[in-house]
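First up is the structure itself, then whatever we jot down about it.
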Amino acid sequence: MTRFNDATTPHTGQTAGDGRHGYYKLSWGERIGFNSGELAQNLIYQTVSIWLLFYYNNVFGLDAGVVAVMFLVVRIIDVLWDPMVGAFVDKSHLPWGKYRSWLLIGGLPLAAFAMLCFWNGFSGSLLYAYVTYVGMSMCFTLINVPYGALSASLTRDTNEITILTSVRMLMANTAGLIIKTLPLVVALFAPKVVNEQTGEMEAVYNTPEAGGAWFITMSIFALTGLVLLFVTFLSSKERIVMDKSESANVKVSDLWMELVRNRPLRVLALFFVIAFTTMSISNAADSYFMTYNMGATPMMTTTFMWLGTIPAFIFLPMVPAIKRRIGKNGMFRLFLGIAIVAMLVMYLFVSLPSLKSCFPLLCVVQFVKSTGVLVATGYMWALTPEVVTYSEYASGRRVAGIVNALICIFMKAGMALGGVIPGLVLAWVGFKAGASAQTPLAEQGILWLVTLIPAALFVIAIFVIGKYELSDEKMDEINAAITGK
């Protein structure tokens, strides 16, 4: 049976009556401490997801099509690796905690492999790229699966989960804001060249000569992330976990059985695939879009990418109130719809020469688009603890590691598609790395990646998430049935 680890709620001093059935209230110290892990993982993994294709293509010297195939191969490896990690995490009973221990075990190798991904000592070597990227991805699973399971062990309270998720997304977007300054950070360490048009010295971040600057920048991000993982380890308390007699019987095959019997998990998994495909395509294409379609400077590129994150700090704190007013499905439909409309407006904007030169107007459209994307894709993380609880209700076992391994697989599947599609589209439209200007077809392909392709995927996402059946009222019924409360 599921075990509740203590009679009092750490940090808050609340009595057993507040948390006896798993309905723990979390302090702000624990909310922020736990979500430091989200900031850490994004500083490392989101940097890789957004910038690695650009780095491989323009700095390391690999063809976009070759990189697309590599991303797909690595995701296939993940399909084999992630279930093993999920089962192993659920079976483990380490001295520092069932889930939080893995933040220490996996943190250092994750940071090391991430740094090596952006080292050009073996510039142009496809074998080196495979080894370092596979290693980084496997180490990320060692962190991400138990971190997701840890969130499901903190509390059953749906309101607490919503607040925790809002803070989690604010942390993730804080990382995003930092990551999108990367061109400016790389420029600090990159070699300077004379701009032929202005005659001024400018830093160049998209050439092989900037390789050392990329490595320094990634090292700063990775080591900061490592420290933040330690903060999460110290701040989090596991409360709702399987006891040893249950976890001893966990098998890798349970992962696929869980997918078969857990319909809300199947819906959420498919939504994760679509969401991460869409976000990965946009994130990978934004730097190409600003560099080649808009002819932007590093500062303009950074401003545009910042506007892909800033709305999170305005709207994510409103999510609990919005959800109470229009419900989960209503919120998804509203914000996905906003994103779709803004993407179509952006396509028309860039297609019209009279508007294309108006950078402030482009920034407004980017802000609106990002508002829709961030709220819709941010709140999906609040549904993960719900499908864990539904699994406990249906099977009698709280296999948080297994469920989060499945989520991790589908998240990475989305990232794989989001990495493969830009590479294939760029190869198909004849993108030439290192060229100062691209053909009209190449520019049009980049524009599709930023607007029309993500918009089409979000239309599908609205249909998929409409099938999610676990309303707050349904979750209250399920929790009451499990706890007897």
Side-chain angles (χ1 to χ4, degrees), residues 42 46 49-50 169-170 172-177 179-181 271-272 274-294 296 300-319 322 330-352 355-381 414-415 417-418 421-422 425 443-465:
N42 278 277
Q46 193 181 151
S49 299
I50 293 175
M169 290 303 98
L170 286 172
N173 284 285
T174 298
L177 200 61
I179 292 163
K180 289 167 184 177
T181 65
F271 186 79
F272 262 77
I274 298 169
F276 273 95
T277 298
T278 307
M279 290 188 293
S280 297
I281 289 172
S282 297
N283 288 335
D286 278 352
S287 54
Y288 289 88
F289 172 69
M290 293 303 294
T291 301
Y292 298 106
N293 291 62
M294 303 304 297
M300 290 172 66
T301 299
T302 298
T303 300
F304 180 82
M305 297 181 81
W306 272 345
L307 289 169
T309 299
I310 288 173
F313 302 96
I314 300 171
F315 293 100
L316 284 177
M318 303 178 189
V319 164
I322 296 172
M331 187 169 67
F332 279 116
R333 286 193 297 269
L334 172 63
F335 285 96
L336 288 171
I338 288 172
I340 291 167
V341 171
M343 287 172 185
L344 297 178
V345 170
M346 185 177 289
Y347 177 79
L348 294 174
F349 171 89
V350 179
S351 299
L352 296 173
L355 294 177
K356 184 177 178 180
S357 60
C358 185
F359 182 66
L361 185 57
L362 177 65
C363 289
V364 172
V365 178
Q366 169 73 345
F367 181 88
V368 175
K369 182 198 81 171
S370 301
T371 298
V373 173
L374 290 168
V375 175
T377 60
Y379 187 72
M380 67 185 177
W381 290 103
M415 288 182 170
L417 289 171
I421 291 171
V425 170
E443 289 187 8
Q444 190 65 213
I446 293 169
L447 182 58
W448 296 338
L449 290 169
V450 176
T451 57
L452 298 185
I453 294 175
L457 288 169
F458 271 169
V459 170
I460 300 172
I462 291 175
F463 173 78
V464 170
I465 203 62

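Heads up: numbering here begins at 1 and tracks the sequence.
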Results of ring pair (Phe, Tyr, Trp, His ring centres under 6.0 Å) for Phe271 - residues two or more places apart only | Phe332
Test log, rule side chain to side chain contact (heavy atoms under 4.5 Å, CB included), inputs Lys369 and Val364 = CA-CA 9 Å; Lys369 182 198 81 171; Val364 172; over 6 Å; no
If you round to the nearest 0.5 Å, how far is [atom2] of [Y] from [atom1] of [X]?
{"X": "Met300", "Y": "Met290", "atom1": "CE", "atom2": "CE", "answer": "5.0 Å"}
{"X": "Ile310", "Y": "Thr303", "atom1": "CD1", "atom2": "OG1", "answer": "8.5 Å"}
{"X": "Met380", "Y": "Ile274", "atom1": "CE", "atom2": "CD1", "answer": "11.0 Å"}
{"X": "Thr301", "Y": "Met294", "atom1": "OG1", "atom2": "CE", "answer": "10.0 Å"}
{"X": "Phe463", "Y": "Ile460", "atom1": "CZ", "atom2": "CD1", "answer": "10.0 Å"}

Atom of [X], atom of [Y] and distance for their closest heavy-atom approach:
{"X": "Met305", "Y": "Asn283", "value": "CE-O, 4.5 Å"}
{"X": "Thr451", "Y": "Pro454", "value": "O-CD, 3.2 Å"}
{"X": "Ser280", "Y": "Gly418", "value": "CB-CA, 3.6 Å"}
{"X": "Ile446", "Y": "Ala285", "value": "CG2-O, 4.3 Å"}

Would a 4.5 Å heavy-atom cut-off, applied to side chains only, mark [X] and [Y] as touching?
{"X": "Phe315", "Y": "Leu374", "value": "no"}
{"X": "Phe335", "Y": "Thr377", "value": "no"}
{"X": "Leu361", "Y": "Gln366", "value": "no"}
{"X": "Met346", "Y": "Val450", "value": "yes"}

Under 3.5 Å: donor-acceptor pair, side chain of [X], backbone of [Y]:
{"X": "Trp448", "Y": "Ile453", "value": "no"}
{"X": "Thr278", "Y": "Leu457", "value": "no"}
{"X": "Asn293", "Y": "Glu443", "value": "yes"}

Output all residues satisfying side chain to side chain contact (heavy atoms under 4.5 Å, CB included) with [X], sequence neighbours left out; order by chain, then residue number.
{"X": "Ile340", "result": "Leu344, Ala455, Phe458, Val459, Ile462"}
{"X": "Ile421", "result": "Thr277, Ile281, Leu417, Val425, Leu449"}
{"X": "Ser49", "result": "Tyr45, Met415"}
{"X": "Val368", "result": "Ile338, Ala342"}

Test Leu177 against Phe313 for side chain to side chain contact (heavy atoms under 4.5 Å, CB included), laying out the working first.
-> CA-CA 10 Å; Leu177 200 61; Phe313 302 96; 4.1 Å; yes
Looking at the rings of Phe359 and Phe304, which for Trp means the six-membered one, are their centres under 6.0 Å apart?
-> no
Report yes if the distance between the aromatic ring centroids of Phe272 and Trp381 is under 6.0 Å, otherwise no.
-> yes
Residues two or more places apart in sequence or in another chain: which of them pass side chain to side chain donor-acceptor pair (under 3.5 Å) with Thr309?
-> Lys180
Can you list the steps and then say if Leu447 with Ser351 is a side chain to side chain contact (heavy atoms under 4.5 Å, CB included)?
-> CA-CA 9 Å; Leu447 182 58; Ser351 299; 3.9 Å; yes
